[in-house]
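A quick write-up on the structure given underneath.
Please read these numbers as outputs of a predicted model, since none were measured by experiment. Positions are given from 1 along the sequence.
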Amino acid sequence: RYLNQPYGDLWHRLRQLAYQHHPYRWPTIGKDVAHIENATMDDVKDFFNRFYCPDNAVLVVAGNVQLPRVKQLAEKWFGDIPAGTPAVRNLPAEPPQKEKKYQEVYAKVPVSAFHKVYHMCAKHEPDYIATDLLSDILGRGKSSRLYESLVKEQKIFSSLGASISGSLDPGLFIIAGKLNEGANPDEAEQAVNHIVNDLQQGNFSNEELQKVKNQAESTLAFSELEVFSRAVNLAVSGFIGDTSLVNATAGKIEQVNRQDIERLSQQVLREENSTVMWYHPEKA
């Protein structure tokens with residue numbers, strides 16, 4: 001499902017370019033088809049027994065339930081499964097990136113796709129929420145800076161936005177879009193950089209920040225209407241090691257100020273911290 005569709009291997013290539021040491025450089029399915037072909041049954045069983053065991057799991061039961069009944073059913077369905085050995089999460093850290101990385105790929109795709117990513121903090125770190133809001137100012141929806149200027153006004157891109165990877169370990173701040181036919185890739189990236197630089201200079205309003213904070217808070221509130229979403233959020237907080245985090249997100253959103261946005265735009269969105277990939281149609 002990766003290799004038989006347009007842009008299917010884009011993130012395979014981009015992660016290997018952006019990461020040099022951290023395992024995030026590896027696609028979950030493997031770097032190439034040989035990794036699947038060469039997997040043995042012993043490999044699969046060993047992986048399953050190491051990671052899919054109770055001592056490496058977080059179980060959340062949510063809904064109209066009573067604790068004694070939950071304990072009874074947990075014992076019934078899981079009690080005879082060996083606890084296993086807790087997996088020690090000791091992954092190599094990605095060193096700071098000191099120069100821009102760049103790659104062009106040519107494949108059977110309809111239009112040129114642009115991705116520019118920057119290394120950012122991990123999900124549990126203090127600047128995570130503010131960095132997420134920074135991505136919203138740049139590229140969340142059709143009223144964002146990137147879309148308003150480069151899609152609607154200048155018509156350089158047909159689509160363009162910004163987001164973050166949401167990784168438990170230090171992840172990526174992502175600017176991605178599709179180029180309009182006839183647009184120059186170098187000029188397109190320069191146009192993106194111009195908008196980024198403007199933000200780094202503090203040229204944004206308090207109203208602009210408040211808008212994305214309101215959006216983030218409403219998204220959070222609507223997500224908590226579903227028991228399943230609350231259960232997932234609780235599981236993630238438990239995995240990180242602090243279940244109280246599940247109730248802290250709204251307060252963290254409210255605490256973000258314009259100084260945070262300006263500081264992080266200068267800290268994260270540095271050119272030497274960036275990795276750029278252009279995925280172009282094959283040349284005739």
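- No more than 12 heavy atoms of other residues, nucleotides or ligands shown are found within 6.0 angstrom of CD on Gln66.
- Proximity of Val232 to Ser229: side-chain heavy atoms (C-beta onward) are nowhere separated by under 4.5 Å.
- How far CG of Asn193 is from NZ of Lys116: 3.5 Å, rounded to the nearest 0.5 Å.
- Around the CG atom of Asn4, the shell of radius 6.0 Å holds more than 12 heavy atoms that belong to other residues, nucleotides or ligands.
- Under the 4.5 Å side-chain criterion, counting only non-hydrogen atoms from C-beta, Lys211 is in contact with Ser143.
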Exercise for the section: Applying side-chain contact (heavy atoms from CB on, under 4.5 Å), run through Trp26 and Tyr19 and close with a yes or a no. Expected result: CA-CA 9 Å; Trp26 282 82; Tyr19 290 99; over 6 Å; no
- Evaluate the side-chain contact (heavy atoms from CB on, under 4.5 Å) criterion for residues Leu73 and Val65: first the C-alpha distance (whole Å), next the side-chain angles of each, then the deciding distance (0.1 Å), finally the verdict. CA-CA 11 Å; Leu73 292 174; Val65 296; over 6 Å; no
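- Shown here are the side chain to side chain contact (heavy atoms under 4.5 Å, CB included) partners of Ala113, two or more places apart in sequence or in another chain: Tyr7, Leu10, Lys178, Tyr279.
- If you chain together hydrophobic residues whose side chains sit under 4.5 Å apart, Leu146 and Trp278 fall into the same group.
- Side-chain contact between Glu94 and Gln20 is present, with at least one heavy-atom pair separated by less than 4.5 Å.
- Counting heavy atoms from C-beta on, the side chains of Tyr52 and Phe47 come closer than 4.5 Å.
- With rounding to the nearest 0.5 angstrom, the CD1 atom of Ile261 is 4.5 Å from the CD1 atom of Ile137.
- Environment of NE2 in His35: crowded, with over 12 heavy atoms of neighbouring residues, nucleotides or ligands closer than 6.0 Å.
- Using modelled atom types and a 3.5 Å distance limit, the side chains of Thr219 and Arg140 yield a donor-acceptor pair.
- In this structure, CZ on Phe51 lies 8.5 Å from CG on Asp46, to the nearest 0.5 angstrom.
- For the side chain to side chain contact (heavy atoms under 4.5 Å, CB included) test, residues two or more places apart in sequence or in another chain that qualify with Asn273 are Gln97, Tyr118, His119, Val268, Arg270.
- Within a 6.0 Å sphere centred on CZ of Phe228, heavy atoms belonging to other residues, nucleotides or ligands number 12 at most.
- A donor-acceptor pair under 3.5 Å links the side-chain atoms of Tyr24 to the main chain of Asp169, judged by distance alone.
- Salt bridge status for Glu208 with Arg258: absent, with no side-chain N to carboxylate O gap under 4.0 Å.
- Put simply, CG on Asp42 and CG on Asn49 are 10.5 Å apart, with the number rounded to the nearest 0.5 Å.
- The main-chain N or O of Leu269 is found under 3.5 Å from a side-chain atom of Gln200 such that the two form a donor-acceptor pair.
- The closest side-chain heavy-atom distance from Leu134 to Val256 is not below 4.5 Å.
- Residue Ser144 comes nearest to Asp136 through the heavy atom pair CB-O, 4.1 Å, listed as atom of the first residue, atom of the second, then distance.
- When all heavy atoms of Pro27 and Arg25 are compared, the closest pair comes out as CD-O, 3.5 Å.
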Legend entry - Worked check of side-chain contact (heavy atoms from CB on, under 4.5 Å) between Arg89 and Leu168: CA-CA 11 Å; Arg89 191 174 174 84; Leu168 289 179; 4.1 Å; yes
Side-chain donor-acceptor pairs of residues 244-251 under 3.5 Å, sequence neighbours excluded:
residue	atom	partner	partner atom	Å
Ser244	OG	Asp242	OD1	2.5
Ser244	OG	Asp242	OD2	3.1

Determine, stepwise, if the pair Ser158 / Val111 fulfils side-chain contact (heavy atoms from CB on, under 4.5 Å).
CA-CA 10 Å; Ser158 61; Val111 296; 5.6 Å; no
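- When all heavy atoms of Pro281 and Pro110 are compared, the closest pair comes out as CG-O, 3.8 Å.
- Here the CZ atom belonging to Phe239 is positioned 12.0 Å from the NZ atom belonging to Lys123, to the nearest 0.5 angstrom.
- Of the possible donor and acceptor atoms, one in the side chain of Asn180 sits under 3.5 Å from a partner among the backbone N and O of Phe157.
- Looking at every heavy atom in both residues, Ala62 comes nearest to Ala231 through CB-CB, 3.9 Å.
- Taking OG from Ser159 and CG from Leu179, the interatomic distance works out to 10.0 Å, rounded to the nearest 0.5 Å.
- Atom CD of Glu99 is surrounded by 12 or fewer heavy atoms from other residues, nucleotides or ligands within 6.0 Å.
- Although no hydrogens or angles enter the test, the distance criterion places no donor-acceptor pair under 3.5 Å between the side chain of Lys252 and the main chain of Ile129.
- Summarising the geometry of Ala162 relative to Phe173, their closest heavy-atom pair is CB-CE2, 4.5 Å, with the distance given to 0.1 Å.
- Between the side chains of Asp186 and Gln190, no donor N or O sits under 3.5 Å from an acceptor N or O.
- Side-chain contact check for Glu104 versus Pro185: every heavy-atom pair is 4.5 Å or farther apart.
- By the neighbour-count criterion of 12 heavy atoms within 6.0 Å, atom NZ of Lys100 is densely surrounded, having more than that number from other residues, nucleotides or ligands.
- Taking 4.5 Å as the limit, every side-chain heavy atom of Leu172 sits out of range of all side-chain heavy atoms of Leu14.
- For the pair Gln201/Asn197, no side-chain contact is recorded, criterion being any heavy-atom separation below 4.5 Å from C-beta on.
- The backbone N or O of Arg145 lies less than 3.5 Å from no partner atom in the side chain of Ser149, so there is not a single donor-acceptor pair.
- Remark: the backbone N or O of Asp43 is paired with a side-chain donor or acceptor of Thr40 at under 3.5 angstrom.
- Leu220 is not connected to Leu225 by any chain of hydrophobic side-chain contacts under 4.5 Å among Ile, Leu, Val, Met, Phe, Trp and Tyr, and they are in different clusters.
- Scanning all heavy atoms of the two residues, the minimum distance from Leu199 to Ser265 falls at O-OG, 3.9 Å.
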